[in-house]
Amino acid sequence: MAEEADTLDIDGSIMEGGGQILRICTALGCLLGKRLHVRQIRAGRSTPGLRPQHLSGLETVRDLCGGKLEKAEIGSTEIVFTPGKIKGGALTSDTKTAGSVCLLLQVSLPCILFAESPSELILKGGTNAEMAPQIDYTTMVFKPIAEHFTFKLDCDIKRRGYYPRGGGEIIVRVPPVKHLNPINLVDRGTVTKIYGRAFVAGVLPYKMVKDMASAALRCIRREMRDLHVNIQTVQEPKDGAFGNGSGIIIVAETSTGCLLAGSSLGKKGVTADQVGNEAAEILLRNLRHGGCVDEYLQDQLIIFMALADGISQVRTGPLTLHTQTAIHFAELLTKVGMIEIGNMQTCI
């Protein structure tokens with residue numbers, strides 16, 4: 001394990017100031033064998049300190065590498081993480097809330113890529129949660145683009161779960177790699193097709209799905225009249241979802257293989273039309289900036305760019321605060337340089 005004298009001090013209150021700092025620093029600390037002291041965790045939030053989903057993520061990485069985690073409990077504003085060796089194998093992580101399984105995947109995936117043996121993770125919590133990627137975004141956008149780094153991610157959705165009860169479950173299988181190849185996403189090409197998935201689960205009426213999809217289609221048609229749009233409408237089977245939920249994701253695919261998306265979840269006081277419109281507007285906003293990735297994929301790629309052997313290039317739209325935060329901490333821990341020229345991210 002890393003020596004105490006080598007402890008890296010991390011201020012968890014700067015920049016994005018939330019769980020993302022914990023995820024990227026813990027994953028990189030695990031991979032690089034660096035002991036971390038993270039303080040002022042989520043200091044600026046209405047409920048500062050660790051929430052259940054953050055604690056689950058930390059415990060997952062600790063268990064993956066046989067490391068040591070100190071001062072980690074709900075509400076804690078500091079933790080000390082001492083990494084061990086990443087062995088792989090089977091592991092279950094449960095937020096016991098509607099905390100996002102996709103955020104559990106975010107913190108654990110970089111680690112298990114470099115494990116000694118193949119990994120199988122059972123991740124439990126919310127699959128379609130606010131303030132996190134929907135599982136559909138992870139499978140439809142993140143997975144195919146991230147696999148350009150030449151790794152294989154198998155993600156099996158066993159059961160969907162929603163706010164506030166959670167209850168979702170995914171199984172993730174990842175064979176280890178020796179290294180990651182750099183990626184080059186600089187030519188967006190032209191949009192060739194748009195497709196998506198609108199869903200309701202539990203007691204919510206199927207009419208909501210039709211309304212979401214129709215509203216999204218009308219919004220897209222105002223800017224893109226001639227392109228075929230195929231939005232699948234789904235009533236989730238009772239044994240495939242826990243609780244009530246609704247939402248939509250819309251993906252644009254380009255001639256060069258770029259994938260950009262907009263998504264939205266149903267909530268109290270918001271009509272199905274508004275949910276569909278919001279997802280379509282987010283997609284259109286991300287198509288206008290000319291980048292090869294949308295605003296939600298930017299930050300998720302940074303850690304893999306920093307770990308890849310060689311120079312990666314990604315053309316983005318305006319950098320989000322999450323992406324700026326990911327770059328800052330990736331540079332701090334890996335000493336890899338990220339250069340921004342216009343909206344081109346280059347990792348060297």
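Within a 6.0 Å sphere centred on CZ of R288, other residues, nucleotides and ligands contribute more than 12 heavy atoms. Within a 6.0 Å radius of NZ in K210, no more than 12 heavy atoms belonging to other residues, nucleotides or ligands are found.
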- I135 and I170: side-chain contact (heavy atoms from CB on, under 4.5 Å), yes or no, with the steps? CA-CA 9 Å; I135 189 61; I170 66 171; 4.0 Å; yes
- Determine, stepwise, if the pair V177 / F149 fulfils side-chain contact (heavy atoms from CB on, under 4.5 Å). CA-CA 10 Å; V177 298; F149 289 101; over 6 Å; no
- Task: With side-chain contact (heavy atoms from CB on, under 4.5 Å) as the test, would you mind laying out the steps for R39 and T77 before giving the verdict?
- Result: CA-CA 6 Å; R39 54 188 173 78; T77 56; over 6 Å; no
- Message: Evaluate K152 against D154 for salt bridge (Lys or Arg N to Asp or Glu O under 4.0 Å), listing each step before the verdict.
- Response: CA-CA 7 Å; K152 180 68 177 164; D154 179 30; over 6 Å; no
- Message: Using side-chain contact (heavy atoms from CB on, under 4.5 Å), reason through K267 and Y163 one step at a time and then give a plain yes or no.
- Response: CA-CA 9 Å; K267 54 187 84 68; Y163 179 83; over 6 Å; no
- Message: What verdict does the salt bridge (Lys or Arg N to Asp or Glu O under 4.0 Å) test give for E147 and K143, after you've listed the backbone C-alpha separation in whole Å, the side-chain angles of each residue and the deciding distance to 0.1 Å?
- Response: CA-CA 6 Å; E147 286 183 337; K143 170 179 151 58; 2.8 Å; yes
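The closest donor-acceptor contact from the side chain of T82 to the backbone of G67 lies at 3.5 Å or more, if one exists at all. Judged by distance alone, the side chain of T256 and the main-chain N or O of R188 form a donor-acceptor pair under 3.5 Å. R42 places no side-chain N or O within 3.5 Å of a backbone atom of L50 that could act as its donor or acceptor partner. Remark: the backbone N or O of L319 is not paired with any side-chain donor or acceptor of T316 at under 3.5 angstrom. With hydrogens and angles disregarded, a donor-acceptor distance shorter than 3.5 Å links the side chain of S56 to the backbone of P52. Looking at S119, its side chain never comes within 3.5 Å of a backbone N or O of A115 through a donor-acceptor pair. Remark: the backbone N or O of C258 is paired with a side-chain donor or acceptor of T254 at under 3.5 angstrom. Judged purely by atom type and a 3.5 angstrom limit, E281 has no side-chain atom pairing as donor or acceptor with the backbone of I220. Under the 3.5 Å distance criterion, the side-chain polar atoms of S263 are left unmatched by any main-chain donor or acceptor of I249. Judged by distance alone, with hydrogens and angles left aside, the side-chain atoms of T192 form a donor-acceptor pair with the main-chain N or O of E253 at under 3.5 Å.
Side-chain contact annotation: H228 with N230, donor-acceptor N/O pair under 3.5 Å absent. For the residue pair T7 / R35, a side-chain donor-acceptor distance below 3.5 Å is found, with atom types taken as modelled. Judged purely by distance below 3.5 Å, without hydrogens or angles, the side chains of D294 and Y137 pair a donor atom with an acceptor atom. A donor atom on one side chain and an acceptor atom on the other are found under 3.5 Å apart for H37 and E78. Judged purely by distance below 3.5 Å, without hydrogens or angles, the side chains of N128 and D136 pair a donor atom with an acceptor atom. Counting only N and O atoms by type, the side chains of T271 and Q274 include a donor and acceptor under 3.5 Å apart.
Interatomic distance, Q53 CD to T97 OG1, rounded to the nearest 0.5 Å: 5.5 Å. With values rounded to the nearest 0.5 angstrom, H328 atom NE2 is found 9.5 Å from L333 atom CG. Note: Q298 CD to T323 OG1 = 3.5 Å, rounded to the nearest 0.5 Å. Atoms NZ and CD1, from K124 and I171 in turn, are 9.5 Å apart once rounded to the nearest 0.5 Å. Interatomic distance, S108 OG to L123 CG, rounded to the nearest 0.5 Å: 5.5 Å. Summarising the geometry, atom CD belonging to Q106 is positioned 12.5 Å from atom OG1 belonging to T26; distances are rounded to the nearest 0.5 Å.
A salt bridge does not link R160 with E169: none of the charged nitrogens is closer than 4.0 Å to a carboxylate oxygen. Taking the charged nitrogens against the carboxylate oxygens, D273 and R218 do have a contact shorter than 4.0 Å, which makes a salt bridge. With respect to K34 and D6, no salt bridge is recorded, no charged nitrogen being found less than 4.0 Å from a carboxylate O. Salt bridge present: R45 and E16 bring a charged side-chain N and a carboxylate O closer than 4.0 Å. Looking at R197 and E236, a side-chain N of the basic residue comes within less than 4.0 Å of a carboxylate O on the acidic one, giving a salt bridge. Salt bridge annotation for E331-K335: absent, with no cationic side-chain nitrogen under 4.0 angstrom from a carboxylate oxygen.
Cation-pi check for R165 over F242 is met; the charged atom lies under 6.0 angstrom from the ring centroid and within 45 degrees of its normal.
When all heavy atoms of V141 and A261 are compared, the closest pair comes out as CG2-CB, 3.8 Å. H289 approaches V293 most closely through the heavy-atom pair CE1-O, 3.4 Å. P144 approaches T139 most closely through the heavy-atom pair CD-O, 3.4 Å. Nearest heavy atom pair, residue R315 against residue V186, reads NE-O, 3.0 Å. What you find for G291 and L260 is that their closest heavy atoms are O-CD2, 3.8 Å. Here the shortest heavy-atom pairing between V172 and C155 reads CG2-SG, 4.4 Å.
Between I194 and M224, the closest side-chain pair of non-hydrogen atoms falls below 4.5 Å. Looking only at side-chain heavy atoms (C-beta outward), V251 and K193 stay at 4.5 Å or farther from each other. Contact of the I24 side chain with the F329 side chain is registered, since non-hydrogen atoms from C-beta on lie closer than 4.5 Å. Using a 4.5 Å heavy-atom threshold, the side chains of L64 and C30 count as separate. Looking at heavy atoms from C-beta onward, F304 lies in side-chain contact with L109 at the 4.5 angstrom threshold. You'll find the side chain of Y195 stays beyond 4.5 Å of the side chain of V229, heavy atoms only. At a threshold of 4.5 Å between non-hydrogen side-chain atoms, the residues F114 and P176 do not count as touching. Using a 4.5 Å heavy-atom threshold, the side chains of Q134 and T127 count as separate.
One hydrophobic cluster holds both I157 and L104 under the rule that ILVMFWY side chains link at heavy-atom gaps under 4.5 Å. There is a path of hydrophobic side-chain contacts, each under 4.5 Å, that joins L185 to L307. The hydrophobic clustering, which links ILVMFWY residues whose side-chain heavy atoms are closer than 4.5 Å, places M140 and I282 together. Follow the hydrophobic side-chain contacts under 4.5 Å out from L103 and you never reach L91; the two are in separate clusters. Hydrophobic clustering, with ILVMFWY side chains joined whenever heavy atoms are under 4.5 angstrom apart, groups V61 together with L8.
Taking the six-membered ring for Trp, F199 and Y162 have ring centres closer than 6.0 Å.
Of the candidates L204, I231, T233, T233 is the only one forming a side chain to side chain contact (heavy atoms under 4.5 Å, CB included) with V209.
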